[in-house]
Each structure stands twice: as structure tokens, then as C-alpha cells.
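Structure, as C-alpha cells:
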Amino acid sequence: MGYYIGVDLGTSSVKLLLVDEAGRILNSASREYPLLFPHPGWSEQEPACWWEAVTEGIRDLTKDVDCAQVRGIGCGGQMHGLVALDAQDAVIRPAILWNDGRTAEETAWLNTVVGKEKLSALTANIAFAGFTAPKILWMRNKEPENFKRIAKIMLPKDYINYKLTGVHSCDYSDASGMLLLDVEHKSWSKEMLGICGVDEKQMPRLFESFEVIGTLKPEIAEELGLPADVKVVAGAGDNAAAAVGTGTVGDGACNISLGTSGTIFISSSKFGVDPHNALHAFAHADGRWHLMGCMLSAASCNKWLCDEILRTTDYAAEQRDITDERLGRNRVFFLPYLMGERSPINDTDARGTFVGVSMDTSRADLVQAVLEGVAFAIRDSFEVARSLGVPVDRSKLCGGGAKSPLWRKIMANVLNIPLDIPQTEEGPGYGGAMLAMVGCGAFESVQACADALVHVTKTVEPDPAIAERYEAQYRKFGLIYPALKEVFPKLQ
């Protein structure tokens with residue numbers, strides 16, 4: 001029985017899994033790396049830090065096993081980040097990440113001058129500040145000398161795949177978030193590339209997520225202590241990889257992720273576009289498509305409140321006093337827009353806001369408001385899906401925030417649907433390993449792999465009384481952003 005390595009290249013750390021063909025996790029490893037904030041609203045990382053963390057993690061992962069049994073590697077990674085390489089494949093500048101807000105000017109130019117209708121026709125999406133195309137335009141406008149040096153445009157996990165294999169690749173799910181891909185026809189949009197001033201020769205070759213892009217370079221295999229014939233698959237963007245890892249494949253399946261960012265991910269066998277572009281229309285790692293709503297700050301909101309404001313890392317203790325009786329009765333509301341927001345409001349100026357704070361507001365009220373604010377914001381995207389006639393009657397729930405029993409309960413009642421908790425909560429890393437299994441022939445399809453390996457351990461059912469209270473709370477929450485929308489730009 002072979003072993004497979006799944007890589008989750010996240011924003012703050014890389015997490016690696018060693019998985020066998022029965023889906024058992026044999027070992028795990030993780031390494032953190034720094035985030036760089038050179039200016040307010042900017043967010044960057046050094047790709048060299050990713051590579052160092054991945055190589056150290058793989059050696060740690062495989063130190064006590066027979067490395068000859070390793071068959072394949074699959075990577076899920078943070079999306080949208082711009083990795084620019086020169087003609088010698090050297091990194092030109094630090095990678096500009098998904099949560100970077102510097103491209104407001106370029107994003108506005110794309111949406112107003114090029115026009116949302118044209119962008120949607122070319123790429124099935126409109127411009128968001130975090131997408132890759134606005135970052136390319138920013139380089140062209142603000143760093144013209146660096147822009148002229150670009151020989152290859154990569155995404156974060158694709159840089160790792162390049163370092164492993166020497167192949168410049170990208171899968172369709174990750175490429176969908178660049179605003180450079182004709183998502184319906186799964187090819188680079190020549191017109192969109194032209195708008196950004198780049199050529200198709202500067203783009204990586206496109207693959208399905210489960211397709212093998214190559215094998216390890218001999219020197220890398222030797223460095224990692226792995227066989228040279230280990231296959232590397234194209235992998236997927238983190239949300240598509242997490243969806244595979246939770247079995248969210250096939251028509252109508254849904255997954256909600258409470259990670260650093262928050263997502264609602266609805267798998268579809270047919271290509272479709274939200275006419276209002278509040279939800280992204282992307283390719284899926286199973287070879288089909290999906291609709292996705294993405295909020296920039298989810299579990300990170302709770303981390304911010306506890307770590308930076310309350311000065312504690314005991315998150316469970318902070319949630320202990322929030323009983324069922326308190327759910328749906330909080331007088332404090334929180335807008336979770338700490339980094340601006342994407343779906344569905346697409347507003348880089350929006351900011352995190354507590355509303356309703358009074359002299360009797362308690363510490364627990366603030367914690368509860370943050371957990372509820374994230375759930376309400378997820379529901380905003382959920383409501384867009386409903387308006388499109390996409391029925392979502394239950395969902396998987398994964399991510400770090402999903403480990404909180406209280407947050408799971410809040411989510412189930414705010415959405416008023418059952419939430420299934422997968423046995424493995426490793427998300428992108430597990431999905432990456434599953435994609436590697438498919439690429440190496442252990443399973444004939446992503447669907448077959450998911451059917452065999454993904455199991456639900458528990459289901460959180462909504463409580464009718466709590467769900468009814470949250471229905472009223474959600475309507476109140478919906479009044480806050482429209483009232484503040486015009487205020488936020490004036491505060492910048």
C-alpha cells in the first residue's frame with residue numbers, strides 16, 4: 001500500500017499529512033512562516049520561506065516511515081497570491097497575498113473602465129482586490145521595472161510544485177481566482193491577459209487538479225529522501241482542496257470553511273454564473289465547477305479579539321459562559337470586515353465594527369458577537385445562493401473554527417440547516433493527498449476517492465427556537481453595513 005503526502009500551504013503556516021490508500025493519516029507536520037506588512041493594508045510573504053517550511057516538513061513527516069512507499073504529492077494552497085519569476089526563475093519581489101488591499105485603484109479601473117459585464121463575460125467573475133489580475137496591474141503601474149522582468153506568473157502552491165518538479169503549472173480551480181482564466185472553457189483568456197499587459201508565454205501550463213504534472217527532480221528527491229519517481233499532481237486552491245477533503249464533490253454538495261478566511265462552497269456539475277457576481281464562479285478540483293462566497297476574516301476575527309484585545313489564547317474558556325439561553329439574544333453585533341470584505345459586498349473600505357455596546361456589555365457578549373458576526377456574514381453568501389435557485393439543505397463544516405462546539409451550534413442555527421462534521425478536519429492537506437491518489441491511479445476519480453475515504457462523524461442539527469431567534473437577529477445585522485457603507489471610505 002502506497003503513501004501520499006498532502007500539503008496545505010496556508011497563510012501563516014504549512015501543514016503536511018502522510019496518508020495511506022485507506023485514508024488513514026499516518027503522520028502530520030507543520031511549520032510556521034512570517035507574514036510581512038510593509039505598509040498599512042499590504043500583506044506579503046517570501047516564497048523562499050514556503051519552500052524551506054515545505055522541505056523541512058516533508059523530512060519531518062517521513063522520518064519514521066519507509067520512504068520508498070511514497071507514491072505522490074498533492075498541494076492545496078492559499079489562492080490569488082502573485083508570485084513573479086524572472087527569466088532565471090528567481091523570485092522578483094515578495095509575493096503579494098490574497099488578503100492584500102493595495103489594489104483598490106486597479107480593481108476599480110477593471111470594474112468601471114473595462115467593466116463588470118465584460119470581465120464576467122471573459123472570466124465568469126468581476127475584479128476583487130485580492131485577485132491576481134489587479135496585483136499584476138499594480139506591478140505594471142507602481143513597479144514598472146519589476147514588471148518588465150516577469151517571465152512567469154505563478155500562484156503560491158504552484159511555486160512549490162515548480163520547485164519540486166521544475167514544471168510551471170497551475171490547476172483550473174486556482175487559476176479561476178486570477179481573473180485571467182476563461183472559466184467556462186478552461187483556457188487562459190487572451191483578451192484578459194492583454195488588458196493586464198502580459199502574454200500567454202508568461203503563464204503556467206493548465207492542468208486538472210488530479211493530473212500529474214511531473215515527478216521529483218533528482219536533486220530534490222535526494223534532498224528529501226524520497227524516490228525520484230514520486231508523482232506530483234497539479235493540486236488545487238485551498239478551498240477546492242478542502243472541498244475534496246470533506247467530500248464536497250458532485251452536484252449540489254456544500255462545504256462551509258471557518259479558517260483564516262471563511263467560505264461557502266457549492267459544487268456543481270454545470271457551469272453557472274451569479275448575475276450579480278456576489279459569488280465567484282470557479283472550476284472545481286473534481287473536474288467540474290463550483291460557486292463560492294469568500295469572506296476575508298473568519299476564524300481570524302476570534303483570534304484577533306482573543307489574542308490582541310483580550311490577551312488570551314484560551315478560546316474555549318472565553319466561550320464557556322455563552323449558553324443556549326444567550327444564543328439569538330445578544331444586543332451586541334459585529335461586522336467581521338477586519339481586512340475589508342469580498343463576498344458578497346466587495347468593499348475594500350469596510351472595517352470591523354462593534355455595534356450596540358453599552359455599559360453592561362460583558363466580555364462574553366463581545367466574544368459571542370464575533371462568532372455570530374462571522375456566521376451572519378457567511379449567511380449573506382448563503383442567501384445569494386438561495387436567490388439563484390441553488391437549494392442548500394445541509395452542508396459540511398470544516399476549518400479551525402469548526403473545532404468549537406459553540407461556533408458549530410451558532411452556524412447551524414444562523415443558517416438553519418444541519419451541518420455535517422467530517423471525520424478528518426484537515427481540509428486542504430487531506431484533499432491534496434486524495435488528489436495525489438487519483439493522479440497515481442489508486443482511485444479512478446475524485447468522486448470515487450471521496451466516496452471511499454470521507455466519513456461524517458457527527459451532525460449538528462439546528463434548534464427551532466434558537467434558529468427563530470437568530471432569524472430576527474440576522475435581519476438586524478443586515479441593517480448595519482448599509483448604514484455604514486458611506487462612512488467607511490471617509491475613515492480611511
Problem - Min side-chain heavy-atom separation W407-V374 under 4.5 Å - result: yes
Exercise for the section: Please identify each residue that fulfils side-chain contact (heavy atoms from CB on, under 4.5 Å) with P227, with sequence neighbours left out. Expected result: D229, V230
Handout entry: Other residues, nucleotides, ligands: >12 heavy atoms within 6.0 Å of K186 NZ
Key = yes
Exercise for the section: Determine the minimum heavy-atom distance between L137 and I195, stating which atoms define it. Expected result: CD2-O, 3.8 Å
Handout entry: Shortest non-hydrogen contact between L435 and V233, atoms and distance
Key = O-CG1, 3.8 Å
Problem - Main-chain N/O of M411 paired with Y470 side-chain donor or acceptor, under 3.5 Å - result: no
Problem - Gap separating the CG atom of D199 from the NZ atom of K190, nearest 0.5 angstrom - result: 9.5 Å
Problem - K485/D347 ion pair, N-O < 4.0 Å - result: no
Exercise for the section: Might you point out which heavy atoms bring P156 and G81 nearest each other, and give the distance in Å? Expected result: CD-O, 3.4 Å
Handout entry: Any V367 side-chain heavy atom under 4.5 Å of N302 side chain
Key = yes
Handout entry: Electrostatic pair R379:E372 at N-O distance under 4.0 angstrom
Key = no
Exercise for the section: For the residue pair L9 and Y33, establish whether any side-chain heavy-atom pair is separated by less than 4.5 Å. Expected result: yes
Handout entry: Donor-acceptor pair, side chain of T62 and main chain of I58, under 3.5 angstrom
Key = yes
Problem - Test item: Q368 side-chain N/O and R326 main-chain N/O as donor-acceptor pair under 3.5 Å - result: yes
Exercise for the section: State, to 0.1 Å, how close S28 and L17 come at their nearest heavy-atom pair, and which atoms those are. Expected result: CB-CD2, 3.8 Å
Problem - Check: T103 side chain, A129 main-chain N or O, donor-acceptor pair, under 3.5 Å - result: yes
Practice task
Establish, from distance only, whether the side-chain atoms of T123 and N125 form a donor-acceptor pair under 3.5 Å.
Solution key: no
Handout entry: Sub-4.5 Å side-chain heavy-atom contact between L388 and H276
Key = no
Exercise for the section: Verify the distance criterion only: is there a donor paired with an acceptor across the side chains of Y481 and D380 at less than 3.5 Å? Expected result: no
Problem - Heavy-atom side-chain proximity of N239 to F282 below 4.5 angstrom - result: no
Problem - Sub-4.5 Å side-chain heavy-atom contact between Q78 and T260 - result: no
Exercise for the section: Count the heavy atoms belonging to other residues, nucleotides or ligands that lie under 6.0 Å from NZ of K152, then report whether that count exceeds 12. Expected result: yes
Handout entry: Side-chain (D238) to main-chain (G10) donor-acceptor, under 3.5 angstrom
Key = no
Practice task
Determine whether more than 12 heavy atoms belonging to other residues, nucleotides or ligands lie under 6.0 Å from atom CD of E461.
Solution key: yes
Completion exercise
One should read off an interatomic distance between L110 CG and K118 NZ, to the nearest 0.5 angstrom, of 11.0 Å
Handout entry: side-chain contact (heavy atoms from CB on, under 4.5 Å) partners of Q447, counting only residues at least two apart
Key = V249, S445, D451
Fill in the blank from the handout: CG (L371) and OH (Y315) are apart, to the nearest 0.5 Å, by 11.5 Å
Practice task
Report yes if some heavy atom in the side chain of Y430 is under 4.5 Å from a heavy atom in the side chain of M434; otherwise report no.
Solution key: yes
Handout entry: Atom pair CD/OG1 of Q45 and T11 - distance to nearest 0.5 Å
Key = 7.0 Å
Handout entry: Nearest-0.5 Å distance that lies between atom NZ in K231 and atom CD1 in I73
Key = 13.0 Å
Practice task
Give every residue pair that meets the salt bridge (Lys or Arg N to Asp or Glu O under 4.0 Å) criterion with at least one member in residues 394-404, sequence neighbours excluded.
Solution key: R394-D420
Problem - Pairwise side-chain contact, L296 with F128, heavy-atom cut-off 4.5 Å (strictly under) - result: no
Handout entry: Where S261 and A298 come nearest, the two heavy atoms and their spacing
Key = C-CB, 3.5 Å
Exercise for the section: Output yes when R71 and E21 qualify as a salt bridge under the 4.0 Å nitrogen-oxygen rule, no when they do not. Expected result: no
Problem - Qualifying salt bridge (Lys or Arg N to Asp or Glu O under 4.0 Å) pairs, either residue in residues 405-416, two or more places apart - result: D324-K409
Problem - Spatial distance of atom CG (L415) from atom OH (Y474) [nearest 0.5 Å] - result: 9.5 Å
Handout entry: Of all pairs that satisfy side chain to side chain donor-acceptor pair (under 3.5 Å), the ones with a partner from residues 278-300, not counting sequence neighbours
Key = H280-R342
Problem - Expected output: side-chain K135 to main-chain G130 donor-acceptor under 3.5 Å - result: yes
Exercise for the section: Any pair with a residue in residues 160-211 that passes ring-ring contact (aromatic ring centres under 6.0 Å, His included), sequence neighbours left out, goes on the list, sorted by first then second residue, please. Expected result: Y162-H168
Exercise for the section: Would you confirm whether T263, through its side chain, and F265, through its main-chain N or O, come within 3.5 Å as a donor-acceptor pair? Expected result: no
Exercise for the section: Check D8 against G429 and note the closest heavy-atom contact, atom names and distance. Expected result: CB-N, 3.6 Å
Problem - Heavy-atom neighbours of Q69 CD exceed 12 at 6.0 Å - result: yes
Problem - Under 3.5 Å: donor-acceptor pair, side chain of T132, backbone of H80 - result: yes
Handout entry: Main-chain N/O of V392 paired to R386 side chain as donor or acceptor, under 3.5 Å
Key = no
